[in-house]
Amino acid sequence: MGLAANGQAGVANVLDIMRGGLDPAVLGLGHASVHELSRDDLVIPPGFELTLGADPAAA
């Protein structure tokens, strides 16, 4: 969306916004870095997971 709206500057703006939201989210989970995140930090609704290579129609 940033690219279509404002070219390279729009992409840079979108990335800045994403970075600005990521740090507080990681800190809010009690971690100092994204490297500390684990699967336990995710909330995955039932039926949302998809196994790579599996046939989604078979689920």
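Nothing here was measured: the structure is a model prediction, and the numbers come from that model.
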Listed once per pair and sorted, the salt bridge (Lys or Arg N to Asp or Glu O under 4.0 Å) pairs that draw on residues 38-54, sequence neighbours left out: Arg39-Glu49
Fellow cluster residues of Leu37, listed by chain then number, with links counted only when side-chain atoms sit under 4.5 Å apart: Leu22, Val26, Leu29, Val34
Could you tabulate the donor-acceptor pairs under 3.5 Å formed by side-chain atoms of residues 10-20, not counting sequence neighbours?
residue, atom, partner, partner atom, Å
Asp16, OD1, Arg19, NH1, 2.9

Shared-cluster residues of Phe48, by chain and number - hydrophobic side chains joined below 4.5 Å: Leu42, Ile44
Members sharing Leu27's hydrophobic cluster (side chains within less than 4.5 Å): none
